[in-house]
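To find a chain, count down the sequence lines: A is the first, B the second, and so on, and within it residues start at 1.
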Amino acid sequence: MLDRKLIREQPDLIRRMLRDRHLELDLQPLLDLETRRLEITNQVEKLKAERNQANEHIAQKKKQKADIGGDILAMRKLGETIKQMDGQLKEVESGLQAALLSIPNLPHESVPRGADESANQEVRRWGMRPEFAFTPKPHWELGDVLGMLDTERAAKISGARFVVYRNTGARLERALIQFMLDTQTQEAGYMEIFPPLLVNRDAMIGTGQLPKLENDMFRTAEDDFFLIPTAEVPVTNLHCQEVLQQGLLPIKYAAYTPCFRREAGTYGKDTKGIVRQHQFNKVELVKITHPDNSYAELESLVLDAENILQKLNLHYRVKALSTGDMSFASAKGYDLEVWHPGGGRYWEVSSCSNFEAFQARRANIRFKDSEGRTRFCHTLNGSGLATSRLLPAIMENYQTAEGGIEIPEVLIPYVNGKRKITPQGEFA
RNA sequence: GGAGGGCUAGCAUAACUGGUAAUGCAGCAGACUUGAAAUCUGCCGUCCAUUGCGGACUUGGGGGUUCGAGUCCCUCGCCCUCCGCCA
């Protein structure tokens with residue numbers, strides 16, 4: 001949510017920034033509502049001041065046992081008027097709130113301006129594409145032949161865009177999650193969190209998934225819970241409605257959770273393999289920071305995510321997202337894309353964002369600064385990383401001419417010291 | 001699912017039969033001090049106004065009764081205790 005004072009005082013700035021995001025938004029209705037809100041507020045507050053004064057009189061007269069019948073009669077009408085105006089004010093306020101909740105964040109000045117993903121800027125790349133003396137297979141072939149991934153049986157029990165990890169596939173998936181959590185908690189100073197996977201509506205509004213993206217979320221009809229689309233939702237909202245001590249910042253959390261997305265409107269897209277699923281596993285990194293440090297914390301967050309790929313020795317590139325490609329709540333973001341030799345393309349395995357105070361304002365996450373003032377924190381998050389894109393990358397990059405898969409060095413301790421998966425689909 | 005108790009500022013605690021939210025701790029600024037502690041003063045939830053005075057709102061959310069609601073009524077949420085069910 002944007003600061004309404006900023007909207008009121010610098011509407012042209014807001015218009016320009018949103019235009020940078022390729023959003024032609026007519027701010028006028030919102031500004032009109034805000035003007036109306038101030039008008040009504042001023043009027044009704046005068047009446048309330050009058051009422052408060054009169055009430056004080058009545059209370060005093062009553063104490064002296066004087067007759068107050070006439071005063072009460074006179075106040076009745078005023079009470080009615082106030083009630084009516086409060087009703088109007090409430091209507092204006094809820095309209096205003098709805099409008100505010102659906103406006104995306106403003107892009108930071110350093111974000112590349114552009115219409116879509118083609119305007120994203122490559123910031124750096126690490127490692128090289130591996131050379132194969134044979135034609136590398138895509139992960140869905142490997143997964144099928146080696147008995148690691150079973151999408152057909154998943155379809156029977158759930159449907160399209162689900163997968164059953166089996167045998168070495170299940171084990172490798174679990175090893176990856178463990179490895180990523182260990183790295184982030186032991187080397188990068190994140191605290192491990194394992195949150196609920198069902199959250200309430202307020203939490204979804206707090207991080208910005210709602211109201212805009214309700215159609216992309218799984219929702220339980222009976223209780224109005226949402227299956228989390230990312231651990232960002234429960235973990236960031238851990239501190240909603242709180243005032244944090246400045247000394248606690250930055251707060252750094254790492255959380256493994258399954259993530260659930262309806263992927264509405266993607267029918268027929270990325271159906272090969274497991275890169276786009278209704279349920280996938282992800283280790284998420286969340287930071288709650290002082291506003292002065294959030295951009296430095298964003299850079300180090302990206303490095304923390306990159307660290308996983310480097311340890312796995314996977315070639316990747318980092319892209320600064322353009323104004324046309326960044327997410328709703330983000331002020332600035334980077335994507336990490338890893339090379340899939342079998343598929344012959346890069347896939348996003350992480351997206352790291354600074355939301356500045358956008359989420360903090362919605363979720364009411366504040367801190368006391370060194371002047372004793374209560375201010376909004378900045379929130380950040382990034383995947384560290386998503387396994388549905390990472391496991392395929394490992395399978396495709398580490399496949400052998402014989403048709404098996406080597407285990408990356410760092411994962412060997414996590415699979416009981418085994419060094420490879422044989423062409424028969426067993427650890428060895 | 002049922003019964004009872006509770007929810008007041010960062011924390012902790014008050015408020016007569018309804019009369020308009022008090023206090024302590026912590027924090028911030030200032031005064032005093034060589035410095036600190038102690039002490040004193042102000043600030044210490046949100047909004048509006050601001051040349052100056054100020055005003056309104058805020059007792060988990062929403063609604064009702066009333067001239068007036070922390071207090072009474074309805075409703076929803078959450079926490080605690082117990083019963084039932086359950087991995």
Side-chain angles (χ1 to χ4, degrees), chain A residues 1-9 30-98 100-101 194-206 210 219-226 234 237-249 251 288 290-292 357 360-377:
Chain A
M1 191 155 61
L2 301 181
D3 183 5
R4 45 169 87 175
K5 205 168 202 167
L6 187 70
I7 298 179
R8 199 166 66 214
E9 286 168 3
L30 193 148
L31 289 169
D32 289 345
L33 278 176
E34 178 69 358
T35 307
R36 179 121 180 80
R37 180 179 76 86
L38 292 181
E39 275 172 15
I40 301 176
T41 300
N42 276 326
Q43 287 173 22
V44 79
E45 283 191 0
K46 267 183 202 138
L47 295 181
K48 283 179 179 174
E50 198 179 312
R51 181 178 67 181
N52 288 343
Q53 242 175 358
N55 280 334
E56 216 164 307
H57 258 83
I58 292 176
Q60 251 164 31
K61 271 179 139 178
K62 199 176 174 187
K63 229 177 241 169
Q64 295 155 4
K65 308 226 190 274
D67 178 47
I68 51 176
D71 299 271
I72 287 179
L73 219 60
M75 291 308 292
R76 206 165 274 169
K77 180 133 199 218
L78 187 59
E80 278 305 312
T81 312
I82 288 174
K83 187 177 278 187
Q84 201 191 342
M85 290 181 76
D86 270 342
Q88 288 173 19
L89 191 59
K90 195 156 190 188
E91 228 170 276
V92 170
E93 184 64 49
S94 75
L96 208 49
Q97 194 68 9
L100 285 168
L101 283 177
F194 189 62
L197 308 181
L198 292 172
V199 297
N200 60 32
R201 188 171 281 273
D202 286 344
M204 294 288 278
I205 291 172
L210 295 186
R219 175 174 161 269
T220 69
E222 205 56 24
D223 300 293
D224 206 34
F225 284 131
F226 292 84
N237 280 291
L238 239 32
H239 295 288
C240 71
Q241 311 293 334
E242 288 186 19
V243 178
L244 301 160
Q245 291 305 317
Q246 187 176 218
L248 290 174
L249 304 179
I251 293 172
I288 299 176
H290 191 289
D292 292 350
R361 207 171 280 123
R362 291 171 162 242
N364 203 16
I365 306 171
R366 296 170 297 168
F367 74 103
K368 262 207 196 311
D369 72 7
S370 40
E371 264 105 60
R373 291 190 59 87
T374 308
R375 297 167 60 189
F376 288 113
C377 300

Worked check of side-chain contact (heavy atoms from CB on, under 4.5 Å) between Arg4(A) and Gln97(A): CA-CA 10 Å; Arg4(A) 45 169 87 175; Gln97(A) 194 68 9; 3.5 Å; yes

Ala49(A) vs Met75(A), nearer the 5' end of RNA chain B by closest nucleotide: Ala49(A)

Residues forming a side-chain hydrogen bond (donor to acceptor under 3.5 Å, both in side chains) with Thr374(A), sequence neighbours excluded: Lys368(A)

Validation row: Leu101(A), Leu210(A) side chains within 4.5 angstrom (heavy atoms): no

Pairwise P distance, rC16(B) and rU71(B) [rounded to whole Å]: 12 Å

Residues Asp223(A), Leu198(A); criterion side-chain contact (heavy atoms from CB on, under 4.5 Å); working and verdict: CA-CA 10 Å; Asp223(A) 300 293; Leu198(A) 292 172; over 6 Å; no

C1' gap between rU8(B) and rA21(B), integer Å: 8 Å

Verdict with reasoning, Gln88(A) to Glu91(A), per side-chain contact (heavy atoms from CB on, under 4.5 Å): CA-CA 5 Å; Gln88(A) 288 173 19; Glu91(A) 228 170 276; 5.6 Å; no

Glu39(A) CD to rA56(B) P, straight-line distance once rounded to whole Å: 20 Å

rA14(B) versus rG70(B) - spacing of their C1' atoms, nearest Å: 11 Å

Pairwise P distance for rU41(B) and rC53(B), with rounding to whole Å: 22 Å

Side-chain N,O (Asn200(A)) to OP1/OP2 (rG77(B)) below 4.0 Å: no

Inter-nucleotide C1' distance (rC47(B), rG35(B)), Å rounded: 42 Å

Spacing of Asn52(A) atom CG relative to rG54(B) atom P, expressed in whole Å: 17 Å

Short side-chain N/O contact from Lys46(A) to OP1 or OP2 of rC57(B), under 4.0 Å: no

Lys61(A): partners by side-chain hydrogen bond (donor to acceptor under 3.5 Å, both in side chains), with sequence neighbours left out: Asp71(A)

Residues that Arg76(A) engages under salt bridge (charged side-chain N to carboxylate O under 4.0 Å, His left out), provided they are two or more places apart: none

Pairwise P distance, rA56(B) and rA22(B) [rounded to whole Å]: 15 Å

Gap separating the CZ atom of Phe225(A) from the CG atom of Asn200(A), nearest 0.5 angstrom: 7.0 Å

Rounded distance (Å) that lies between atom P of rA56(B) and atom CD1 of Ile40(A): 19 Å

Atom-pair distance (CD1 on Ile82(A); C1' on rU66(B)), nearest Å: 13 Å

Sequence-distant partners of Arg37(A), salt bridge (charged side-chain N to carboxylate O under 4.0 Å, His left out), two or more places apart: Glu34(A)

Strictly under 3.5 Å: I want the nitrogen or oxygen pairs between protein and nucleotides 48-51 of chain B, one per line.
{"residue": "rC48(B)", "atom": "OP1", "partner": "Arg8(A)", "partner atom": "NH1", "Å": "2.9"}
{"residue": "rC48(B)", "atom": "OP1", "partner": "Arg8(A)", "partner atom": "NH2", "Å": "2.7"}
{"residue": "rC48(B)", "atom": "O2'", "partner": "Asn42(A)", "partner atom": "OD1", "Å": "3.2"}

Check: Cys377(A) and Leu244(A) side chains under 4.5 Å, non-hydrogen atoms: yes

For Gln241(A), side-chain hydrogen bond (donor to acceptor under 3.5 Å, both in side chains) partners two or more places apart: Asn364(A)

C1' atoms of rU51(B) and rA15(B), separation to the nearest Å: 40 Å

Under 4.0 angstrom between Arg51(A) side-chain N/O and rC67(B) OP1 or OP2: no

C1' gap between rC80(B) and rG60(B), integer Å: 15 Å

d(CG, Leu96(A); P, rC47(B)) in whole Å: 14 Å

Separation of atom CZ in Phe376(A) from atom P in rG10(B), rounded to whole Å: 13 Å

Given Gln245(A), Gln246(A), His239(A), the one that forms side chain to side chain contact (heavy atoms under 4.5 Å, CB included) with Phe367(A): Gln246(A)

Spacing of Arg201(A) atom CZ and Met204(A) atom CE [to the nearest 0.5 Å]: 9.0 Å

Identify all pairs in which a protein N or O lies below 3.5 Å from an N or O of nucleotides 14-19 of chain B, and state each distance.
{"residue": "rG19(B)", "atom": "O6", "partner": "Lys62(A)", "partner atom": "NZ", "Å": "3.1"}

Whole-Å gap separating C1' (rC47(B)) and CD (Gln97(A)): 14 Å

Pairing residues for Glu50(A) by the salt bridge (charged side-chain N to carboxylate O under 4.0 Å, His left out) criterion, not counting sequence neighbours: none

With sequence neighbours excluded, residues passing salt bridge (charged side-chain N to carboxylate O under 4.0 Å, His left out) with Asp86(A): Lys48(A)

Sugar-phosphate, base or nothing in reach of Lys77(A), heavy atoms under 4.0 Å: nothing

Can you check nucleotides 26-28 of chain B for protein contacts, nitrogen or oxygen pairs under 3.5 Å, and list what you find?
{"residue": "rC28(B)", "atom": "O3'", "partner": "Ser370(A)", "partner atom": "O", "Å": "3.4"}
{"residue": "rC28(B)", "atom": "O2'", "partner": "Glu371(A)", "partner atom": "O", "Å": "2.6"}

Between P of rC76(B) and CZ of Arg201(A), the distance in whole Å: 18 Å

Contacts of type side-chain hydrogen bond (donor to acceptor under 3.5 Å, both in side chains), residue Asp292(A), not counting sequence neighbours: none

Helical stems, RNA chain B - three or more consecutive Watson-Crick or G-U wobble pairs below 3.5 Å: B:1-7 with B:77-83, B:10-12 with B:23-25, B:27-31 with B:39-43, B:45-48 with B:54-57, B:60-64 with B:72-76

Any Asn364(A) side-chain nitrogen or oxygen under 4.0 Å from OP1 or OP2 of rG45(B): no

